[in-house]
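Working notes, structure below.
Count residues from 1 along the sequence. What's counted below: heavy atoms across the whole structure, side chains too, no hydrogens, waters or symmetry copies.
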Amino acid sequence: MTVIGSLAPTRGSTPCIKRSLWASVVTAALALCLFMVPSDQASAGDVATPRPVALFQVHDTGALWRYTDTPCTANACPGWEIIDRNPRTEAISGHYQRHVDKKIWIWDGRGRCTGAACPGWTLIDTNPSTKDVVAAVDGVYQRHADGKLWKYTGGGGCTGAGCPGWALIDTDPRTESIAVGVGAFSNSDLYMRQVDGKIWKWDGRSPCTANACPGWMLIDTNPRTKALVAARGTLFVLHVNGEIWKWDGQSRCTATACPGWTLIDKNPSTAAIAGGYGGFYQRHADGKIWSWDGRSSCVEAGCPGWTLIDSNPRTKDIVAGGKALFQLQVNGEIWKWDGRSRCSATACPGWTLLDRNPHTKAITAVDTKFD
């Protein structure tokens, strides 16, 4: 991929020592495989086998739970095992958690809580500047309050001497958010959005040097961009007017334009977008959930290619990983879509109840790809 330009490092103090967990990213990837649970359905038209997906939830008490692929029965929801119960937990992304003091911890994929103890967690960073932690198929990325971006490269976790294993990959203070998805070769694709709407894609290998941060390609400059989702091996953006655009995966901006974007929807009711390597979805303000067919774009008569798969006004959030789509409702119920069913005139079948706990605050799924 051609790389254009570089983002010059900002002035400031020397970055604090960074931190890590396993001896290598390969080891981390192997550990991830230990706790991925299988997704049971494929999207229409796909021939390959559904990929495994790991689903986690965090409670308002700080308790973390992993789904073990057993749905609810009439009387109980036995498919969850507790892996941590720390009231300091602030956010989760895949098998990583961030505490209120911004410490980052990674789960080894094996530890389970027994009594008061919850083993299996390793501290990999203690930087109070951390704003976002985003899990990827080959590790984890973090964004600091000053815009710096770091990639975890492994190393064994924090010690008394610091937290090694983090590579600085950008230092631009304008960075506002990041998105990560599975790339074409099972690596992770990283994108960043800046306050002026510019979107950049990292080449996946170039760290910052003493004078510059190369490896970033400018792919859009639209100030209307509201959100980014890396899915289906590329990038989707949601604009403030409800338009959804898909990047072609290769075009970069020139001096006068940013080609390579296709309009796939333009509905002002769109509240959020979500996706994994095997699917892309949107949620409307009224709770309706729509699935994209992966091909269609907008034409003069409208934007075909969207299928209504749920219409529940209680839907609070949707998350996707691989070919699996999950929704969290305001009452704490968690549901999984079967990947096929669509709404009829009277009902929206194809959803399986996985949990119904009113303490559930958020859910996260790990994106994966076909073998």
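W292 belongs to a hydrophobic cluster whose other members, connected by ILVMFWY side-chain contacts under 4.5 Å either directly or through intermediates, are V229, F236, L238, I244, I264, I273, F280, W290, W306, L308. Counting Ile, Leu, Val, Met, Phe, Trp and Tyr side chains that sit under 4.5 Å apart, directly or through other members, V299 stands alone, with no cluster partners.
For the pair G181 and A230, the tightest heavy-atom approach, listed with the atom from each and the gap, is N-CB, 3.4 Å. In plain terms, the two heavy atoms of W107 and G111 that are nearest each other are NE1-O, 2.9 Å. Across all non-hydrogen atoms, the minimal contact from G139 to Y96 is C-OH, 3.6 Å. Residues S341 and P349 share a closest heavy-atom pair of CB-O, 3.4 Å. The two atoms that bring C343 and S311 nearest to each other are SG-N, 4.4 Å, heavy atoms only. For C72 against R356, the heavy-atom pair with the smallest separation is CB-NH1, 4.4 Å.
With rounding to the nearest 0.5 Å, the separation of CD in Q142 from OG in S129 is 9.0 Å. Atoms CD1 and OH, on I289 and Y281 in that order, are 10.5 Å from each other to the nearest 0.5 Å. Considering CH2 of W105 and NE2 of H99, their distance stands at 6.5 Å, rounded to 0.5 Å. For the atom pair CD of Q57 and CD1 of I82, the computed distance is 10.0 Å after rounding to the nearest 0.5 Å. In this structure, NE2 in H95 is found 9.5 Å from CG in D108, a value given to the nearest 0.5 Å. Distance CD1/I309 to CD/Q327: 8.5 Å, rounded to 0.5 Å.
The side-chain heavy atoms of V140 and V134, taken from C-beta on, include no pair separated by under 4.5 Å. With a 4.5 Å cut-off on side-chain heavy atoms, L354 and F326 count as touching. Looking only at side-chain heavy atoms (C-beta outward), K266 and C303 come within less than 4.5 Å of each other. At least one side-chain heavy atom of T171 sits less than 4.5 Å from a side-chain heavy atom of C208. Side chains of L325 and K336 form no contact here, defined as non-hydrogen atoms less than 4.5 Å apart. Looking at heavy atoms from C-beta onward, N267 lies out of side-chain contact with K288 at the 4.5 angstrom threshold. Looking at I83 and W65, their side chains never come closer than 4.5 Å, going by heavy atoms from C-beta outward. Using a 4.5 Å heavy-atom cutoff, the side chains of I178 and Y141 are in contact.
With sequence neighbours excluded, the residues that form a side chain to side chain contact (heavy atoms under 4.5 Å, CB included) with S344 are T346, A347. Residues that satisfy the side chain to side chain contact (heavy atoms under 4.5 Å, CB included) test with E176, not counting sequence neighbours, are R193, V195. D101 pairs by the side chain to side chain donor-acceptor pair (under 3.5 Å) definition with nothing, not counting sequence neighbours. For K198, the side chain to side chain donor-acceptor pair (under 3.5 Å) partners are D196, not counting sequence neighbours. Residues passing the side chain to side chain contact (heavy atoms under 4.5 Å, CB included) test with N312 are D310, R314, T315, Q329, sequence neighbours excluded. For K316, there are no side chain to side chain donor-acceptor pair (under 3.5 Å) partners two or more places apart in sequence or in a different chain. With sequence neighbours left out, the side chain to side chain contact (heavy atoms under 4.5 Å, CB included) criterion links S206 to W202, D203, P214.
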Any chance you could lay out the side-chain hydrogen bond (donor to acceptor under 3.5 Å, both in side chains) test for N86 and T89, step after step, and finish with the verdict?
CA-CA 6 Å; N86 195 316; T89 300; 5.0 Å; no
Can you list the steps and then say if D355 with W80 is a side-chain contact (heavy atoms from CB on, under 4.5 Å)?
CA-CA 8 Å; D355 201 23; W80 296 88; 3.3 Å; yes
Take W247 and K201 through the test side-chain contact (heavy atoms from CB on, under 4.5 Å) and record every step on the way to the result.
CA-CA 11 Å; W247 183 48; K201 183 181 186 292; 3.6 Å; yes
Could you go step by step and tell me if Y191 and V180 meet the side-chain contact (heavy atoms from CB on, under 4.5 Å) rule?
CA-CA 6 Å; Y191 305 87; V180 182; over 6 Å; no
Would you check, one step at a time, whether the test salt bridge (charged side-chain N to carboxylate O under 4.0 Å, His left out) holds for K148 with D170?
CA-CA 5 Å; K148 288 185 176 72; D170 198 44; over 6 Å; no
Derivation of the side-chain contact (heavy atoms from CB on, under 4.5 Å) call for W150 and H144
CA-CA 8 Å; W150 302 81; H144 284 187; 3.4 Å; yes
List the steps and the verdict of side-chain hydrogen bond (donor to acceptor under 3.5 Å, both in side chains) for T73 and N75.
CA-CA 5 Å; T73 64; N75 302 313; 5.4 Å; no
Candidate pair D146 and K131, rule salt bridge (charged side-chain N to carboxylate O under 4.0 Å, His left out), full reasoning:
CA-CA 9 Å; D146 59 3; K131 292 288 288 185; over 6 Å; no
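The backbone N or O of A161 sits less than 3.5 Å from a side-chain atom of T159, completing a donor-acceptor pair. A donor-acceptor pair under 3.5 Å is formed between the side chain of T364 and the backbone N or O of G94. When atom types are taken as modelled, the side chain of D60 and the backbone of K361 share no donor-acceptor pair closer than 3.5 angstrom. Side-chain atoms of T153 never come within 3.5 Å of backbone atoms of A167 as a donor-acceptor pair (strictly under, hydrogens ignored). Side chain of T234 to main chain of D248: no donor-acceptor pair is present (N/O by atom type, distance under 3.5 Å, no hydrogens or angles).
By the criterion of side-chain heavy atoms lying less than 4.5 angstrom apart, applied directly or through intervening Ile, Leu, Val, Met, Phe, Trp or Tyr residues, L235 is grouped together with L263 in one hydrophobic cluster.
Applying the disulfide (SG to SG under 2.5 Å) test to pairs two or more places apart or on separate chains, those with a residue in residues 117-149 are C113-C118. Applying the salt bridge (charged side-chain N to carboxylate O under 4.0 Å, His left out) rule to pairs touching residues 77-90 yields R66-E81, E81-R112, E90-R98, E90-K102, sequence neighbours excluded.
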Using atom types as modelled, flag every donor-acceptor pair under 3.5 Å from a side chain in residues 217-228 to any protein atom, sequence neighbours excluded.
from: N222; atom 1: OD1; to: R224; atom 2: N; distance (Å): 2.9
from: T225; atom 1: OG1; to: N222; atom 2: O; distance (Å): 3.3

